[in-house]
Amino acid sequence: MLDLKFIRENIELVRQAVADRGTDAPLDEIISLDTARRRQILELEDLRHARKEAARDREQADKEVGRDLRVQIKTLEDEVRSLDSQLQDLLLQVPNLPHPSIPVGKDESENPVVRMWGEARKFDFTPAPHWKLGETLGIIDFERGVKLSGSRFYVLKGLGARLQRAIISFMLELHTTKHGYQEIYPPFMVKRECMVGSGNLPKFADNLYHDEEDDLWFVPTAEVPLTNMHRDEIIMPGSLPIYYVAYTACFRREKMSAGKDTRGIKRGHQFDKVELYKFTEPDKSNDELEKMVANAEHVCQKLGLPYHTKELCTADLGFASTKSYDIEMWAPGCGEWLEVSSCSNCGDFQARRANIRYRPTPDAKPRFVHTLNGSGLALPRVLIAIMENYQQADGTILVPEVLQGYVGEKVVR
RNA sequence: GGAGGGAUCGCAUAGUGGUCUAGUGCGGCCGCCUGCUAAGCGGUUACCCUGGGAAACCGGGGUCGUGGGUUCAAAUCCCACUCCCUCCGCCA
């Protein structure tokens with residue numbers, strides 16, 4: 001959420017930012033509602049002041065005047081309340097401002113590649129796609145996934161399941177012991193206000209699974225619970241930055257991308273992910289973003305998987321982000337670059353929605369923190385990349401060296 | 001799921017219709033004092049919105065879990081909800 005005052009005072013800048021993203025937002029309505037609301041608040045405060053004065057002395061209290069004031073205050077309060085909630089609804093629909101440093105573009109084709117690492121392996125046979133390898137080796141069971149839960153679900157078996165668990169353990173250990181993150185195991189279902197705080201509601205309800213009875217929402221990413229760890233808190237001086245890493249399952253309806261990527265395990269309704277998250281001081285957040293991307297890239301490097309890193313242009317930026325990098329791994333079997341991580345600086349956008357502040361010094365006023373999130377990394381796609389890059393002519397898969405201790409095998413056969 | 005109890009300014013507590021402009025203790029901060037100690041004295045101690053001012057600062061409004069209601073007047077009375085605790089039931 002943007003600061004209403006900022007919108008009021010920088011309306012043209014905000015308009016331009018929304019245009020650069022290639023979306024729209026109800027800015028005119030916001031401005032006119034805000035004007036009306038502010039006028040009414042002034043009036044309301046005068047009336048309240050009058051009531052306070054009138055009720056000060058109980059002997060001289062004029063009940064007629066008082067009753068009249070009460071009625072006036074109540075009607076005005078109702079009006080302000082209604083304006084407030086309308087305004088709030090509209091504000092929640094305004095996306096974050098792109099950082100001035102990022103490229104303006106009209107779609108994802110304009111995301112510049114900022115780094116490349118590793119070289120695509122040369123095969124002396126035609127590399128198979130992971131769905132083929134998985135079925136042949138008996139480690140991915142698509143049919144039973146569909147039997148249990150429908151399309152876009154699969155079952156991992158034997159060394160497939162073990163390999164996935166190994167990747168999770170490896171990544172958590174790398175981030176906790178080498179990169180300074182604290183491991184968090186959060187709930188996978190959260191309250192509505194958490195979804196609002198992270199920016200997933202109200203705009204993206206379509207993509208979420210929801211338990212009607214208790215109004216609990218399945219997390220589409222650990223970013224949601226992690227953002228809300230410090231909701232409605234004032235973080236004490238000297239406590240920033242805070243680094244969290246969390247493994248969770250992620251649940252997405254994927255309604256928007258029906259019919260896309262239906263083959264294999266690239267895009268399912270449920271997948272596992274290790275998520276990196278930071279709370280930082282405002283002037284540190286962009287440096288922290290660079291470090292976070294480096295942490296995510298480090299995972300790719302340790303696994304020996306070629307990747308490139310792209311900076312997202314304005315049109316491809318997420319709703320809550322001011323600046324983002326995507327990391328894509330090369331998958332020789334299906335012949336495409338797979339997005340395994342997206343690291344974003346959300347500035348104070350989520351902090352304002354979730355009311356997360358910090359005190360710079362013991363007697364300073366609280367300020368909104370900056371929040372950052374990044375995948376470190378998303379599981380099924382790393383699994384795909386490993387299977388396809390480490391496959392051998394006989395259809396078996398070598399286990400990357402750093403995972404061998406976790407898997408307990410050198411080859412998946 | 002059933003029955004009770006509770007939620008007050010960092011912590012602990014007082015407050016059951018009108019100087020509550022929320023008291024007190026602890027802790028924190030500032031200052032003073034003392035040749036000594038976890039000593040004494042004084043002061044201070046949250047957040048949000050808003051008006052004026054370059055600023056230090058000054059003023060108005062709101063917040064006693066949340067949202068409604070009653071009243072000239074609500075921390076206090078009424079209703080609903082949330083969360084926590086105790087007991088019972090159920091349960092991996």
Side-chain angles (χ1 to χ4, degrees), chain A residues 1-10 30-92 94 185-197 201-202 210-218 224-225 228-240 242 248-249 279 282 348-369:
Chain A
M1 187 162 74
L2 298 182
D3 183 10
L4 181 55
K5 198 190 288 177
F6 182 88
I7 296 179
R8 191 188 300 145
E9 289 165 4
N10 302 277
I30 288 174
I31 293 294
S32 70
L33 277 178
D34 175 50
T35 314
R37 174 179 164 277
R38 290 205 298 155
R39 200 172 46 231
Q40 297 203 343
I41 283 177
L42 283 184
E43 204 179 322
L44 179 59
E45 286 183 357
D46 284 347
L47 287 173
R48 278 175 174 158
H49 185 62
R51 173 174 66 182
K52 232 179 189 175
E53 292 302 318
R56 187 178 293 281
D57 185 345
R58 71 169 112 174
E59 300 307 321
Q60 291 174 12
D62 183 333
K63 296 199 177 188
E64 288 305 315
V65 172
R67 205 164 310 168
D68 196 48
L69 277 173
R70 188 178 73 211
V71 173
Q72 284 187 59
I73 288 174
K74 194 169 294 176
T75 33
L76 206 50
E77 274 175 347
D78 287 344
E79 284 172 34
V80 169
R81 219 187 336 266
S82 141
L83 284 179
D84 258 346
S85 75
Q86 290 175 52
L87 196 53
Q88 197 64 14
D89 288 350
L90 294 175
L91 278 174
L92 290 176
V94 180
Y185 176 82
F188 292 7
M189 296 154 93
V190 297
K191 296 186 205 175
R192 173 182 294 271
E193 52 262 44
C194 293
M195 287 293 179
V196 175
L201 283 178
H210 176 212
D211 163 51
E212 293 278 346
E213 203 171 342
D214 296 319
D215 198 26
L216 280 174
W217 299 72
F218 287 61
V224 176
N228 286 277
M229 284 282 288
H230 296 289
R231 177 157 52 86
D232 295 320
E233 289 184 17
I234 299 174
I235 295 163
M236 286 299 112
S239 310
L240 295 178
I242 296 171
T248 67
F279 299 86
D348 62 7
F349 188 84
Q350 290 177 323
R352 186 171 280 111
R353 285 169 93 105
N355 191 29
I356 309 163
R357 293 171 297 171
Y358 77 106
R359 225 181 270 284
T361 58
D363 44 21
K365 286 190 66 168
R367 295 186 61 187
F368 288 112
V369 300

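FYI, side chains are in, hydrogens and waters are out, and symmetry mates aren't considered; it's all heavy atoms of this structure. Below, read A as the first sequence line, B as the second, and so on, with proteins coming before strands; counting in each chain starts at 1.
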Dump the pairs, protein N or O against N or O of nucleotides 90-92 of chain B, anything under 3.5 Å, distances to one decimal.
none

Pull out every protein N or O sitting under 3.5 Å from an N or O of nucleotides 19-23 of chain B, one pair per line with the distance.
none

Each nucleotide N or O in nucleotides 59-61 of chain B that has a protein N or O under 3.5 Å away: list the pair and distance.
| residue | atom | partner | partner atom | Å |
| --- | --- | --- | --- | --- |
| B:G60 | O3' | A:His49 | ND1 | 2.9 |
| B:G60 | N2 | A:Glu45 | OE1 | 3.2 |
| B:G60 | N2 | A:Glu45 | OE2 | 3.0 |
| B:G61 | OP1 | A:His49 | ND1 | 2.8 |
| B:G61 | O2' | A:Arg48 | NH1 | 3.2 |

Atom pairs, protein N/O to nucleotides 73-82 of chain B N/O, distance under 3.5 Å:
| residue | atom | partner | partner atom | Å |
| --- | --- | --- | --- | --- |
| B:A73 | OP2 | A:Arg70 | NH1 | 3.0 |

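Between the P atom of B:G10 and the OH atom of A:Tyr358 lies a distance of 21 Å, rounded to the nearest Å. Between A:Asp84 atom CG and B:U50 atom P there is a gap of 11 Å when expressed in whole angstrom units. Summarising the geometry, the separation between CD1 on A:Ile73 and P on B:G68 is reported as 15 Å, rounded to the nearest angstrom. Rounding to whole angstrom units, CZ of residue A:Arg81 and P of B:U66 are separated by 15 Å. For the pair A:Arg367 CZ and B:C48 P, the computed distance is 13 Å after rounding to whole Å. Summarising the geometry, the separation between CG on A:Asp78 and P on B:G68 is reported as 9 Å, rounded to the nearest angstrom. In this structure, CZ of A:Arg67 is placed 9 Å from C1' of B:U71, rounded to the nearest angstrom.
Residues satisfying the salt bridge (Lys or Arg N to Asp or Glu O under 4.0 Å) criterion with A:Arg67, sequence neighbours excluded, are absent altogether. Residues passing the side-chain hydrogen bond (donor to acceptor under 3.5 Å, both in side chains) test with A:Arg357 are A:Asn355, sequence neighbours excluded. Applying the salt bridge (Lys or Arg N to Asp or Glu O under 4.0 Å) test to A:Asp78 and every residue at least two apart in sequence or in another chain returns A:Arg81. The ring-ring contact (aromatic ring centres under 6.0 Å, His included) test applied to A:Phe368 returns no partner, not counting sequence neighbours. The salt bridge (Lys or Arg N to Asp or Glu O under 4.0 Å) test applied to A:Asp84 returns A:Arg37, not counting sequence neighbours. With sequence neighbours excluded, the residues forming a side-chain contact (heavy atoms from CB on, under 4.5 Å) with A:Glu193 are A:Lys191, A:Arg231, listed by chain and number. Remark: A:Asp89 engages no residue in a side-chain contact (heavy atoms from CB on, under 4.5 Å) (not counting sequence neighbours). With sequence neighbours excluded, the residues satisfying side-chain contact (heavy atoms from CB on, under 4.5 Å) with A:Ser239 are A:Ile235, A:Met236.
Applying the Watson-Crick and G-U wobble criteria (two distances, each under 3.5 Å), B:A7 pairs with B:U82. With a 3.5 Å ceiling on both atom-pair distances, B:A73 lacks any Watson-Crick or G-U wobble partner. When both distances must be under 3.5 Å, the Watson-Crick or G-U wobble mate of B:U13 is B:G23. Partner assigned to B:C29 is B:G43, using Watson-Crick or G-U wobble distances below 3.5 angstrom. Searching all strands for a Watson-Crick or G-U wobble partner of B:A38 with both distances below 3.5 Å returns nothing. The nucleotide B:C90 finds no pairing partner, because no Watson-Crick or G-U wobble arrangement with both distances shorter than 3.5 Å includes it.
Using a 4.0 Å heavy-atom cutoff across all strands shown, A:Arg37 reaches no nucleic acid atom at all. The residue A:Arg39 sits apart from the nucleic acid: no heavy atom pair falls under 4.0 Å.
Here, B:C26 and B:C9 have their C1' atoms 14 Å apart, quoted to the whole Å. Nucleotides B:G69 and B:U8 are separated by 25 Å at their P atoms, to the nearest Å.
When each of B:U70, B:C47, B:U50 is scored by its nearest atom to the side-chain atoms of A:Arg359, the top-ranked nucleotide is B:C47.
We find the CD1-CD distance between A:Ile41 and A:Glu79 to be 12.0 Å, quoted to the nearest 0.5 Å.
Not one N or O on the side chain of A:Arg352 forms a donor-acceptor pair closer than 3.5 Å with the backbone of A:Leu2. Looking at A:Asp34, its side chain never comes within 3.5 Å of a backbone N or O of A:Ile30 through a donor-acceptor pair.
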